[in-house]
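A note on names: the letters A, B, ... follow the listed sequences, proteins ahead of strands, and every chain is numbered from 1.
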Protein chains: 2
Amino acid sequence: MKIVKEISLISVGNFEESRDWSIIRSEIRRAIALIVHPRGESSFIINPTRHGNGVKPIKEACMIALRDQFGWRLETRVNYATKSPGKVDATKVIDDYLFALEWETGNISSSHRAVNKLVLGLLRGVFLGAALVLPSRKLYAYLTDRIGNYEELEPYFDIWKAVKIEEGFLGIFVIEHDQIDQNVPTITKGTDGRALV
Amino acid sequence: MKIVKEISLISVGNFEESRDWSIIRSEIRRAIALIVHPRGESSFIINPTRHGNGVKPIKEACMIALRDQFGWRLETRVNYATKSPGKVDATKVIDDYLFALEWETGNISSSHRAVNKLVLGLLRGVFLGAALVLPSRKLYAYLTDRIGNYEELEPYFDIWKAVKIEEGFLGIFVIEHDQIDQNVPTITKGTDGRALV
DNA sequence: TATGGATCCATA
DNA sequence: TATGGATCCATA
């Protein structure tokens, strides 16, 4: 899988220039690069059937790479001090601070919750940094209908930029298939993510 | 239908004390009060089957009341100057300003988008005020699974309170059934909302 | 029971 | 094609 865009939605303080971010960023990029399809290929080739591919296996492949190769923790329940919204997809501890990652394969509305959650963590100071990974509109066209995608979330960016954060970083990675081929199988629903690593 | 809670999530400026808000608030409250079930009843009686009632007809009933009895406009496409996220459920013009209402019957994640949209409108200055209507957790238990509900959205309130708004108001109305009765029919999916007015 | 998600539908 | 929605699933 390739990254077609990477932006800093929120960057208050020095995290973006830190060595920590340099390492974490590299781990995220490498984990995304490790996602291939079909199994055994060296890149991610998608069957271009409109809304014809399931999304679950794609996420699982990346999560497993973060966990097994880079020591991230998955499905971390985060304590926001007061009433806490649930879990984030993956976290890594760096110098006693928490970095959180959300991989968005839910409905586009779910992407709003994901960003809200990450920003809440920054606001509360429980995360020093956070990242959101989601498909480009081009990839979206071949995945389950209404999946979160960058272009549809972008009109809302000003809200999150306008939140009074004292310190924190929020990066967004936009992913896309490497190639299209009508002869590769579509990604089925419920397939084990390990098959894509 | 009854209102069990009403809060001001954002209130910057004088709108909350204005005569405009007094009128709009009264219209919203009256439109909600007009929702009954079953047809012909004077209150909203729900069949207490867990996640056994569809939500579509409930919203339609309130929207129709706002439009036909109070002159609101439905499904308004809002122009946010730049890239615009789509429509809001209902709007009313007051002294050349727009008031926006979102009735939340989608998934809870959709409630995040709804609030984000309203707050974006306040941030851009296209709304002077806005309101969100959504079920209480008690009512939620009898509606389609994972529908937006107040208690599940509340942990995120601090984000929206932390958005730098220059002026604007955002109120939340929490609605609930008036009575429970195992003998009334469950609300089916796709039923015409007019049947509930 | 609670929470995040995955899927497909309706309509402009 | 684009956007908001409605529904039911999976798992801790």
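By the 30° and 60° cut-offs, the orientation of the rings of F15(B) relative to W21(B) is tilted.
Nearest-nucleotide mapping onto DNA chain D: of E102(B) and H51(B), the residue sitting toward the 5' end is E102(B). Sequence order on DNA chain C of the closest nucleotides to K59(A) and R50(B) puts R50(B) first from the 5' end.
Distances from the side chain of V55(B) to the nucleotides dG4(D), dA6(C), dT7(D) place dT7(D) closest. Across dG5(D), dA2(D), dG4(D), the shortest atom-to-atom separation from the side chain of K117(B) is found for dG4(D).
Here dT3(D) presents its C1' atom at 14 Å from CG of L153(A), a figure rounded to the nearest Å. One interatomic measurement links the two molecules: CZ of R113(A) to P of dA2(C), which rounds to 15 Å at whole-angstrom precision. One can place CD of E104(B) at 14 Å from C1' of dT3(D), the figure rounded to the nearest angstrom. We find that CD1 of I108(B) is positioned 14 Å from C1' of dG5(D), with the value rounded to whole Å. For the pair K138(A) NZ and dT1(D) C1', the interatomic distance rounds to 17 Å; values are reported in whole Å. Rounding to whole angstrom units, CD1 of residue I147(A) and C1' of dT3(D) are separated by 15 Å. dA6(C) atom C1' lies 14 Å from atom CG of D89(A), rounded to whole Å. Atom OH in Y140(B) sits about 11 Å away from atom P in dT1(C), given to the nearest Å.
For E104(B) and K59(B), the salt-bridge test fails: no basic side-chain N is under 4.0 Å from an acidic carboxylate O. The pair E102(B)-K87(B) does not count as a salt bridge, with every side-chain nitrogen at least 4.0 angstrom from each carboxylate oxygen.
As judged by a 4.0 angstrom heavy-atom cut-off over every strand, S109(B) is placed among residues making no nucleic acid contact.
In terms of phosphate contacts, T144(B) brings no side-chain nitrogen or oxygen within less than 4.0 Å of OP1 or OP2 of dA6(D). Residue R137(A) places at least one side-chain N or O closer than 4.0 Å to OP1 or OP2 of dA2(D).
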Atom pairs and distances, side-chain donor-acceptor, residues 165-178 of chain A, under 3.5 Å, sequence neighbours left out:
from    : atom 1 : to      : atom 2 : distance (Å)
E176(A) : OE1    : S136(A) : OG     : 2.7
D178(A) : OD2    : M1(A)   : N      : 3.1
D178(A) : OD2    : F44(A)  : N      : 2.8

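A donor-acceptor contact under 3.5 Å links the side chain of N107(A) to the base of dG5(D).
Within a 6.0 Å radius of CG in D145(A), more than 12 heavy atoms belonging to other residues, nucleotides or ligands are found.
Side-chain contact annotation: N149(A) with R137(A), donor-acceptor N/O pair under 3.5 Å present.
The side-chain contact (heavy atoms from CB on, under 4.5 Å) check on D181(A) picks up I45(A), N183(A), V184(A), with sequence neighbours excluded.
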I'd like a table of atom pairs between the protein and nucleotides 9-12 of chain D - only N or O on both sides, under 3.5 Å - with the distance next to each one.
from   : atom 1 : to      : atom 2 : distance (Å)
dC9(D) : N4     : D145(B) : OD2    : 2.8

